[in-house]
*Asks:* 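I am attaching a structure below and will ask some questions about it afterwards.
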Amino acid sequence: MKVLILGGVAAGTKAAAKLKREDRSAQVTLITKSADISYAGCGLPYYVGGVIEERGDLIVNTPEKYAALTGVTVYTLREAVALDSEAKTVTAKNLETGEDEVYDYDSLVIATGASASVPPVEGVELSGVFTMRTPDDAIGMRAYLEEKNVKRAVVVGGGFIGLEVAENLKDRGISVTVIDFASQLLPNVLDPEMAGYVKRHLQKNGIRVITGTKAEAILGDNQVSDVRTSAGTLPCEIVVLSAGIRPNTGFLAETGLEMFKGTILTDGGLRTNLPDIYAVGDCAMVKNRLTGAPQWSPHGLIRQYGGTNPSSDSGGEGKVLSRRSGNGRCQTARPQLRQDWPDGSRCTGSGL
C-alpha cells in the first residue's frame, strides 16, 4: 500500500508514524512545505519570551531523525499545488528548484494545516509586523525585539496565541496593548463573565486590553511606529497579528472535495467525500462527539488525536488503519512526555 501524507507538523507526522507502526510494509511518504517538521507550535510564544532558550528546543524531530525512527520517506520544501483524485496523484512544487513533482498514492491523508490570517489593513508589510505560526516567526520576532530594543508592542487579537504572546512580551519588560474587534477576549471559547475575569487578570498584571476595537492601519515609514484603531492611535515599535488562522486548502478548490469556509468536511473516520482521501488537523472539520455536528477545532489535542485516527474507527474496505481507535491512543502534545503503546512501541508529542 502506498500512502501519501500532505503536511508535516502534528497531525501529518502522527498519521505517518501510526501507519508505519500498523503496517511496516506500507510505503508512506510525507511531503511538507516547511523545512522543519514536528515542531512545538505551542511553544513559539515562549521562545519569544525566553522561557524556551534555544531554537533547537522548538524542533522536536528533524526530518532525518524522524525518517530514521519511523521508516517514513520525508520530502521537505514541497508545496502541494494540485490534486487529481481520479488519477490518484498530487502535484507539488519543489521550493528549492521551482520544478513540479508528481506523487501517486493508494490512500491520501491531507494534513496541510492552517496559516495565520493577516487582516487587510494598510501597513502589514512594514518591518516590525509579525505573525506567530512557525519557528521562523518566533525566531524573527525575538531577534527583532533584541536588535531594536523594543519598548512598546500592540497585539492584534485576543485569542490563545495573542494572549500568550502578550504574556511573554510583558515578561520581557515591554509595554503591551492587546486589541480585539470582538466585545470580549477569547470570544469563541469563554462566555462574557469568564472573559471579563481574564481581562481583569491581564490588566492587573500590567497588560492593557481594549476590546470592541478594530485595527484600521499600521503606520510608519519603513518600520512600525503606530497602530491606528477605531479607538485612537497606539504608539509601538512592534505589532503582532494574531487575528485567527485560515486552512491551507486553496489548492483543493476545484478538486470536488466537499468543504465549508475552506475546511475539509469529514465523517467520523476522517474520510472525505472522495475515495481513499482523508483529512486531519487544522485543515479539517471533525464531528463533535457530544452534538454530532461538524466542528472546526484547530488546536493541539485535535491535531495529535486526529493524526493517529484517520478512518481507524471504521471497518471494511478503504480503511487506512488496520486497528481500531481504542488501541494505543496517546493524546499528549508535550514533547517531554512519553507513553507506551500496547504493542510495545512508544508515543510522544513529537509526531511518533
Side-chain angles (χ1 to χ4, degrees), residues 1-41 43 55-83 88-115 133-136 139 248-249 251 270 276-284 300 303-304 306-310 320-321 330 333 335 338 341 345-352:
M1 179 176 65
K2 187 179 292 186
V3 182
L4 179 62
I5 313 286
L6 306 183
V9 188
T13 52
K14 280 285 187 182
K18 174 73 169 179
L19 287 163
K20 286 297 287 186
R21 281 199 303 271
E22 295 292 332
D23 183 359
R24 298 301 296 180
S25 68
Q27 299 179 43
V28 181
T29 301
L30 184 151
I31 66 173
T32 183
K33 181 179 178 180
S34 174
D36 297 310
I37 68 166
S38 195
Y39 56 79
R55 180 192 187 278
D57 293 332
L58 292 174
I59 310 302
V60 182
N61 260 322
T62 65
E64 296 77 15
K65 179 181 175 184
Y66 175 84
L69 287 170
T70 63
V72 174
T73 301
V74 179
Y75 296 108
T76 59
L77 298 173
R78 266 74 169 181
E79 180 181 7
V81 295
L83 165 65
K88 288 195 168 185
T89 61
V90 169
T91 301
K93 183 177 182 179
N94 185 319
L95 299 181
E96 293 180 294
T97 66
E99 298 179 350
D100 285 345
E101 300 171 347
V102 178
Y103 299 83
D104 61 326
Y105 65 85
D106 296 316
S107 292
L108 174 68
V109 179
I110 303 171
T112 47
S115 297
R133 190 68 184 170
T134 69
D136 286 343
I139 292 162
N248 295 325
T249 56
F251 73 103
L270 299 176
D276 301 315
I277 299 179
Y278 306 80
V280 297
D282 289 353
C283 64
R303 299 180 206 118
Q304 297 287 340
T308 61
N309 284 279
V320 173
L321 304 183
C330 174
R338 299 183 66 89
W341 295 81
S345 60
R346 303 281 277 177
C347 167
T348 72
S350 61
L352 300 179

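Reckoned from all heavy atoms, side chains included, excluding hydrogens, waters and symmetry mates. What you see is a predicted model; the values in this text were computed from it and never measured.
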*Asks:* What pair of heavy atoms forms the shortest contact from Gly8 to Thr13, and how long is it?
*Replies:*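 Of all heavy-atom pairs spanning Gly8 and Thr13, the closest is O-CG2, 3.3 Å.
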*Asks:* With the side chain counted from C-beta on, respond yes when Val28 and Thr73 share a heavy-atom pair under 4.5 Å apart, and no when they do not.
*Replies:* no
*Asks:* Check Ala15 against Val109 and note the closest heavy-atom contact, atom names and distance.
*Replies:*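 So the minimum-distance heavy-atom pair works out to CB-CG1, 4.3 Å.
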*Asks:* List the atom of Thr70, the atom of Ala17, and the distance in Å for their closest heavy-atom pair.
*Replies:*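 So the minimum-distance heavy-atom pair works out to CG2-CB, 4.0 Å.
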*Asks:* Determine whether Ile37 and Thr76 make a side-chain contact, defined as any pair of heavy atoms from C-beta on separated by less than 4.5 Å.
*Replies:* yes
*Asks:* Could you pull out the closest heavy-atom pair between Ile31 and Ala92, with the gap in Å?
*Replies:* CD1-CB, 3.8 Å
*Asks:* Below 4.5 Å, heavy atoms only, C-beta onward: do Thr89 and Leu83 meet side chain to side chain?
*Replies:* no
*Asks:* Excluding sequence neighbours, so at least two apart, what forms side chain to side chain donor-acceptor pair (under 3.5 Å) with Asp104?
*Replies:*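 Once residues adjacent in sequence are excluded, the partners of Asp104 under the side chain to side chain donor-acceptor pair (under 3.5 Å) criterion are Lys2.
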*Asks:* Can you name the closest pair of heavy atoms from Cys283 and Gly113 and give their distance?
*Replies:* CB-O, 3.6 Å
*Asks:* Less than 4.0 Å between a side-chain N and a carboxylate O, is that true for Asp23 and Lys18?
*Replies:*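 Looking at Lys18 and Asp23, the cut-off is not met.
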*Asks:* Quick one: does Leu4's side chain get under 4.5 Å of Val90's, heavy atoms only?
*Replies:* yes
*Asks:* When you compare the side chains of Glu101 and Tyr103, does any donor N or O come within less than 3.5 Å of an acceptor on the partner?
*Replies:* yes
*Asks:* Atom NZ of residue position Lys33 - does it have more than 12 heavy atoms of other residues, nucleotides or ligands inside 6.0 Å?
*Replies:*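 Atom NZ in Lys33 is not packed in, count stays at 12 or less.
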*Asks:* Mind checking whether Leu6 and Tyr105 have side chains closer than 4.5 Å, heavy atoms only?
*Replies:* no
*Asks:* I'd like to know if Lys88 and Asp106 make a salt bridge, using a cut-off of under 4.0 Å between side-chain N and carboxylate O.
*Replies:*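 A salt bridge is absent here (no side-chain N lies under 4.0 Å from a carboxylate O).
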*Asks:* Can you tell me how far NZ of Lys93 sits from CZ of Arg78, rounded to the nearest 0.5 angstrom?
*Replies:*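 Atom-to-atom, Arg78:CZ and Lys93:NZ are 13.0 Å apart.
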*Asks:* Return the set of residues passing salt bridge (charged side-chain N to carboxylate O under 4.0 Å, His left out) with Asp100 (not counting sequence neighbours), or none when no residue passes.
*Replies:*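 Checked Asp100 against salt bridge (charged side-chain N to carboxylate O under 4.0 Å, His left out); zero matches.
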*Asks:* Other residues, nucleotides and ligands only: do more than 12 of their heavy atoms fall within 6.0 Å of OH on Tyr75?
*Replies:* no
*Asks:* When you check the side-chain N and O atoms of Asn94 and Glu99, is any donor under 3.5 Å from an acceptor?
*Replies:*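 No donor-acceptor contact under 3.5 Å links the two side chains.
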*Asks:* Any heavy-atom pair between the side chains of Asn61 and Leu69 that's under 4.5 Å?
*Replies:* yes
*Asks:* Would you name the heavy atoms of Val74 and Pro63 that are closest together and state the gap between them?
*Replies:* CG1-CB, 4.0 Å
*Asks:* Give, for atom OG of Ser38 and atom CG of Leu58, the distance between the pair rounded to the nearest 0.5 Å.
*Replies:*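 Between Ser38 OG and Leu58 CG, I get 12.0 Å after rounding to 0.5 Å.
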*Asks:* Is the shortest heavy-atom distance from the side chain of Asp282 to the side chain of Val9 under 4.5 Å?
*Replies:* no
*Asks:* Report yes or no: does Thr112 contribute a side-chain atom to a donor-acceptor pair with the main-chain N or O of Asn248 at less than 3.5 Å?
*Replies:* yes
*Asks:* Using atom types as modelled and distance alone, determine if a side-chain donor or acceptor of Arg133 lies under 3.5 Å from a backbone N or O of Ala114.
*Replies:* yes
*Asks:* Go through the structure and list residues passing side-chain contact (heavy atoms from CB on, under 4.5 Å) with Thr134, not counting sequence neighbours.
*Replies:* Tyr39, Asp136, Asp137
*Asks:* Can you check side chain to side chain contact (heavy atoms under 4.5 Å, CB included) on Leu19 and Ile5, steps first, answer last?
*Replies:* CA-CA 10 Å; Leu19 287 163; Ile5 313 286; 3.9 Å; yes
